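Worksheet for the structure shown next.
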Amino acid sequence: MQINFNRVYADYQLGPIRSKNVVDGISLELAKNTFTAVVGHTGAGKSSLLKLLNGLLLPTDGEVSVGDLTIDKNGKKKTLNKVRKRVGMVFQFPERQLFAETVEQDIAFGPKNFGFSKEEITQLVDQSLKQVGLTPDILPKSPFSLSGGQKRRVAIAGIIATKPDVLVLDEPGAGLDPEGKQEILAMLRTLHDTHDSTTILVTHDMNDVVTYCDNVLVMEKGQVTTHQTVRGLFSNQNEIDRLGIGLPEPLRLQRLIEEHTGRVFPHVCLTQQELKDQLLEGAHL
Amino acid sequence: MTDQPLLSVCDISFRYDITQDVYALSAISFDLNRGESLAVIGDNGSGKSTLARLLTGLLSPEKGAIYLDGVELNEGSKKMLRRQMGIVFQNPDNQFIATSVEDDVAFGLENLNIPYEQMRSRVDEALELVDMYEYRTKDPSQLSGGQKQRVALAGVLALKPELMIFDEAFVMLDPMSRRSILETLRRIQSELNVSIISITHDRDEIEFFDSLLVLNQGERVMRGKPAEVFKQMSSLKPPFAEQLRRDLVDAGMDLPDYYMSESELVDTLCK
């Protein structure tokens, strides 16, 4: 599903004092089936951008459209309900939202609220459980008895069970050990590829950006400073310096070696595999 | 007195629910010398955070004891011993209390009744160390995640503790800020002879530390220098440079077959 931002401004109104625009005139287009990373320092407006996508934050000016639905400052309730069914949002530390007595009830909560039938719900629960890599024996357990990684999976299953066309994730790997994080992100990428969904991922980790995402959107002070392919961005060192973003580990090591030898590699290495291949070919010699 | 370890953890065990036989930590022992840095690593549920809470006296061990500078940590000595240590938690928002950066850094000093002039200079010094001096009059809530983390760090540095503990205190930083904070810490460690314990998931943080303590499900797996740990525990995911080195060796490149830090690998490759 295509997403468009058309000159969107937004801020949070707290009592009589309005904060200055946390989203400051953003126009952008996220094409169907793309996997986009949103990066930028805290306070850049990343979370606000996500909230605009499903009407948790309404624009003060401009429009956000998700497919054929448009949210503007009036935010009609009917439209918002439809948008929220389309856009599945996984917040930071989503396991904090687990509340039901059993895993099954927790995952079923979303589909139930969106009016799926009983049979559909049973099917959706089974399906999403499988998608996040869990087995049915977990269903009768209390979600609070699970490990951190399992809780995270259950929480994500609860969102994908609502069959969203757009999946929005805010640091889904934060706080997990490296293996757990890798498993969750790989699972999300597979989900994206098999379901033709549109996925938006907020992350601080540039290694995740280069491993799992197609495009990257950099935010700063409520504005989008660049929106391009991942490889395009990391191939342009001047741009990276200007935007003040970090490098993925392989590229950082490549730059260290280049600095050391004074010779530039023929290619930009974004993954361990690429760096390994370049080194085996003797790019550093 | 100076040749005894600053911190001695002797055979401590802890469980959250004493009606059950599930221990969050069982029979953990280790020493930490003055000026030494230690990274505690382990998967979720390995007991890392429990260890941090025990070290700072937020929890008390069921068995065993913790000694700081030869004094046992208990209800009576806790208050006094806490003056020698500083802790930074995962989320700096949870520890901000003041409305300006400099007031926040000064808070700990105020509690210790430090004279004003001395406080002023210590706050400025700490803020300069973490590169946040120019933000001293700003409201902490308006800073970015990385800046907040630096302020929380300054708050601990200003106290000039002998032991600093970081419980996943760098997870919210982008890789660039994380490296620069870790470099600052390493400098402070050697300049002021401070001991540092960092609890972390990030394998790329490891090369900044003298030794590693690996925990698994509440038990001590091993303690040693990064090179020893990664040599013995091939199942443990190593830092990026070491992963790459192993890959290159497997692919037939002529490299020495032992653990290498990033700078060692770069030097060897560029020979």
Side-chain angles (χ1 to χ4, degrees), chain A residues 19 39-44 92-93 146-152 171 173-182 203-207 209 220-221 240 244-263 269 271-273 275-277 279-285, chain B residues 41-46 48-49 90-93 141-149 168 170-180 200-204 216-217 235-255 262-263 265-271:
Chain A
S19 56
V39 302
H41 300 289
T42 313
Q92 258 178 50
F93 299 104
L146 308 177
S147 77
Q150 285 175 322
K151 278 188 201 166
R152 182 79 50 100
E171 298 261 15
L176 296 182
D177 47 69
E179 288 80 11
K181 184 176 170 184
Q182 207 176 337
T203 180
H204 280 302
D205 190 333
M206 297 304 156
N207 298 316
V209 174
E220 200 188 316
K221 292 182 183 147
I240 291 171
I245 54 175
L247 295 176
E249 284 295 303
L251 183 54
R252 199 177 56 78
L253 200 61
Q254 176 186 345
R255 297 284 185 237
L256 277 179
I257 298 171
E258 287 175 347
E259 230 171 77
H260 218 276
T261 59
R263 270 184 298 281
C269 304
T271 62
Q272 188 176 339
Q273 182 69 39
L275 182 57
K276 177 183 130 189
D277 292 345
L279 288 169
L280 287 172
E281 282 169 26
H284 57 294
L285 299 172
Chain B
I41 61 174
D43 289 344
N44 288 109
S46 61
K48 303 188 300 293
S49 295
Q90 186 167 346
N91 188 348
D93 285 330
S141 67
Q142 288 175 357
L143 301 175
S144 82
Q147 292 167 334
K148 284 178 183 171
Q149 205 92 69
E168 306 227 19
F170 316 111
V171 289
M172 307 212 309
L173 303 187
D174 57 283
M176 261 191 343
S177 327
R178 182 158 50 215
R179 292 195 85 82
S180 87
T200 179
H201 273 320
D202 184 2
R203 299 294 145 84
D204 295 312
N216 185 28
Q217 300 192 333
S235 59
L236 203 65
K237 195 171 175 260
F240 177 75
E242 169 65 6
Q243 272 177 57
L244 180 70
R245 189 198 60 79
R246 290 181 190 177
D247 253 24
L248 289 168
V249 169
D250 286 346
M253 190 183 257
D254 185 21
L255 282 173
E262 185 177 280
S263 52
L265 181 66
V266 171
D267 283 347
T268 312
L269 282 172
C270 298
K271 245 182 215 156

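To find a chain, count down the sequence lines: A is the first, B the second, and so on, and within it residues start at 1. What you are looking at is a predicted structure, and each value in this text was computed from that prediction instead of being measured.
- For the atom pair CD (B/Gln243) and CG (A/Leu275), the distance works out to 11.5 Å, reported to the nearest 0.5 Å.
- Neither the backbone nor the side chain of A/Gln273 comes within less than 4.5 Å of any heavy atom in chain B.
- Scanning all heavy atoms of the two residues, the minimum distance from B/Asp267 to A/His260 falls at OD1-NE2, 3.0 Å.
- Nearest heavy atom pair, residue A/Pro178 against residue B/Lys237, reads CB-CD, 4.1 Å.
- Considering all non-hydrogen atoms of both residues, B/Leu269 and A/His284 come closest at O-CD2, 3.0 Å.
- For A/Gln272, the CD atom counts as densely surrounded, since its 6.0 Å shell holds more than 12 non-hydrogen atoms of other residues, nucleotides or ligands.
- The contact between A/Gln182 and chain B is made entirely by side chain atoms (from C-beta outward), counting heavy-atom distances below 4.5 Å.
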Next on the checklist: Using the rule given for side chain to side chain contact (heavy atoms under 4.5 Å, CB included), can you reason through A/Arg252 versus B/Glu262, listing the C-alpha separation, both sets of side-chain angles and the distance that settles it, and then say yes or no?
Outcome noted: CA-CA 11 Å; A/Arg252 199 177 56 78; B/Glu262 185 177 280; 2.5 Å; yes
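- Using a 4.5 Å cut-off between heavy atoms, B/Ile41 does not touch chain A at all.
- For a residue to count as touching a neighbouring chain, one of its non-hydrogen atoms must lie under 4.5 Å from one of that chain's; by this rule B/Asp204 touches chain A with the side chain only.
- Contacts between A/Pro250 and chain B at a heavy-atom distance below 4.5 Å involve backbone atoms as well as side-chain atoms.
- Between B/Leu248 atom CG and A/Lys276 atom NZ the span is 7.5 Å, to the nearest 0.5 Å.
- Interface summary for chain A: among B/Cys270, B/Pro239, B/Ser46, the most heavy-atom pairs under 4.5 angstrom belong to B/Cys270.
- With rounding to the nearest 0.5 angstrom, the CG atom of A/Leu279 is 9.0 Å from the CG atom of B/Leu255.
- A/Glu249 contributes atom CD, which lies 13.5 Å from atom CZ of B/Arg203 (distance to the nearest 0.5 angstrom).
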